Amino acid sequence: SSRQRQRVIEKAVRLLAGRPHSEWELRSKLSKPAAWQIRKGLKPDQEDVDCAVSMMKEKGYINDQEYASWFVRQRSQFKPKSSPMIKAELFAKRVEPTAVEVAAAQVDETEACMQACRSMHRILDRHAHNPALGKEKLASRLLARGFRWTLVQQCITKVVA
């Protein structure tokens, strides 16, 4: 119905007002039934979801390239990770491969590793009595974020110095 379609469109606008979404992410969120729909045993009609997504695309509210760039900026600022890890996250969100490659190229691995290392300096403080253990724990955290061993070593050396 047109009322149902309008609700799906309104939900899309609310979601996109909060932050950018990839097309797949928005589509999957719009396909999930709302609480009132669950109570009535209803679920969003796929046609309504398709209509809302295409409308948001036409208006320029959904753009995988812009989403990927935004995602890289957010990751760089709040939880720095290596380029391969960011690529994996974007692929998991089903962002277009070309958009992923362009966005991942924006990542400065050295700067991201240094920023992550600085943000985790508490680990070194916590293990001041055993600096080798602190460095080991910090290195394992950085490696878990996908940074190369040689880069991790360089960053830890700079932060400790």
Side-chain angles (χ1 to χ4, degrees), residues 1-123 125-126 137-138 140-148 151-152 155 159:
S1 75
S2 64
R3 177 73 188 122
Q4 176 69 18
R5 182 167 288 181
Q6 190 58 38
R7 282 183 171 163
V8 174
I9 291 169
E10 288 169 4
K11 184 176 179 181
V13 170
R14 274 195 314 276
L15 288 168
L16 291 168
R19 68 169 181 83
H21 288 69
S22 68
E23 180 179 342
W24 172 82
E25 192 179 26
L26 182 65
R27 191 177 293 281
S28 64
K29 286 183 179 183
L30 293 177
S31 296
K32 290 180 184 170
W36 68 270
Q37 291 172 314
I38 293 170
R39 286 193 298 272
K40 292 184 177 184
L42 301 171
K43 67 177 197 170
D45 184 39
Q46 196 56 47
E47 213 174 277
D48 294 339
V49 171
D50 292 340
C51 175
V53 169
S54 66
M55 182 183 288
M56 297 301 119
K57 263 184 128 169
E58 284 173 20
K59 293 182 184 273
Y61 298 147
I62 302 174
N63 180 322
D64 276 1
Q65 183 61 61
E66 287 177 18
Y67 171 76
S69 293
W70 171 84
F71 188 85
V72 167
R73 284 192 307 275
Q74 290 297 303
R75 270 289 172 266
S76 298
Q77 187 174 0
F78 298 110
K79 193 172 183 183
K81 291 186 177 182
S82 68
S83 183
M85 292 285 276
I86 290 174
K87 279 183 183 181
E89 285 186 73
L90 287 169
F91 282 131
K93 293 175 181 291
R94 300 194 186 152
V95 175
E96 296 172 7
T98 53
V100 171
E101 293 301 327
V102 170
Q106 298 171 1
V107 177
D108 179 347
E109 295 260 339
T110 305
E111 180 55 36
C113 188
M114 281 301 295
Q115 189 174 344
C117 196
R118 279 189 230 106
S119 72
M120 294 181 199
H121 76 279
R122 293 180 310 277
I123 294 170
D125 296 344
R126 224 176 290 136
K137 288 187 178 279
L138 180 57
S140 69
R141 293 264 179 93
L142 293 170
L143 290 168
R145 288 192 182 189
F147 296 111
R148 295 180 322 280
L151 184 58
V152 167
C155 291
V159 168

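Small disclaimer: the values here were computed from a predicted structure and weren't measured.
Residues K137 and R126 have side chains not in contact (no heavy-atom distance under 4.5 Å, counting atoms from C-beta outward). Annotation: side chain of L30 is in contact with side chain of L15 (closest heavy-atom distance under 4.5 Å). Using a 4.5 Å heavy-atom cutoff, the side chains of V13 and M56 are in contact. When side chains are defined from C-beta on, M120 counts as touching L142, because their heavy atoms get closer than 4.5 Å.
Remark: the Q106 side chain and the S69 side chain contain an N/O donor-acceptor pair separated by less than 3.5 Å.
For the atom pair W24 CH2 and S31 OG, the distance stands at 10.5 Å (nearest 0.5 Å). Here R75 contributes atom CZ and W70 contributes atom CH2; the two are 9.0 Å apart, rounded to the nearest 0.5 Å. Here the CZ atom belonging to F71 is positioned 5.5 Å from the NZ atom belonging to K93, to the nearest 0.5 angstrom. Within the model, atoms NE2 of H21 and OH of Y61 stand 15.0 Å from one another, a figure rounded to the nearest 0.5 Å. The distance from the SG atom of C51 to the CD atom of Q4 is 12.0 Å, given to the nearest 0.5 Å. With values rounded to the nearest 0.5 angstrom, R141 atom CZ is found 12.0 Å from L143 atom CG.
Looking at every heavy atom in both residues, R94 comes nearest to D64 through O-OD2, 4.2 Å. A pairwise comparison of heavy atoms in L138 and C117 identifies CD2-SG, 3.6 Å as the closest pair. Nearest heavy-atom pair across I62 and S22 is CG2-C, 4.3 Å. When every heavy atom of E47 is checked against every heavy atom of R5, the shortest pair comes out as OE2-NH2, 3.5 Å. Scanning all heavy atoms of the two residues, the minimum distance from K87 to A104 falls at CG-CB, 3.6 Å. The two residues K81 and I86 have their closest heavy-atom pair at O-CD1, 3.7 Å.
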Apply the test side chain to side chain contact (heavy atoms under 4.5 Å, CB included) to residues K11 and R7: give CA-CA distance (whole Å), side-chain angles for both, the deciding distance (0.1 Å), then the verdict. CA-CA 6 Å; K11 184 176 179 181; R7 282 183 171 163; over 6 Å; no
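More than 12 heavy atoms of other residues, nucleotides or ligands lie within 6.0 Å of NZ in K29, so this atom counts as buried by the packing criterion. More than 12 non-hydrogen atoms from other residues, nucleotides or ligands lie less than 6.0 angstrom from CZ of R145.
Side-chain atoms of R27 do not come within 3.5 Å of backbone N or O of V53 as any donor-acceptor pair. Checked by atom type and distance alone, the side chain of E109 pairs as donor or acceptor with a backbone atom of S83 at under 3.5 Å. A donor-acceptor pair under 3.5 Å links the side-chain atoms of Q115 to the main chain of Q77, judged by distance alone.
A salt bridge links E25 with R19: at least one charged nitrogen is closer than 4.0 Å to a carboxylate oxygen.
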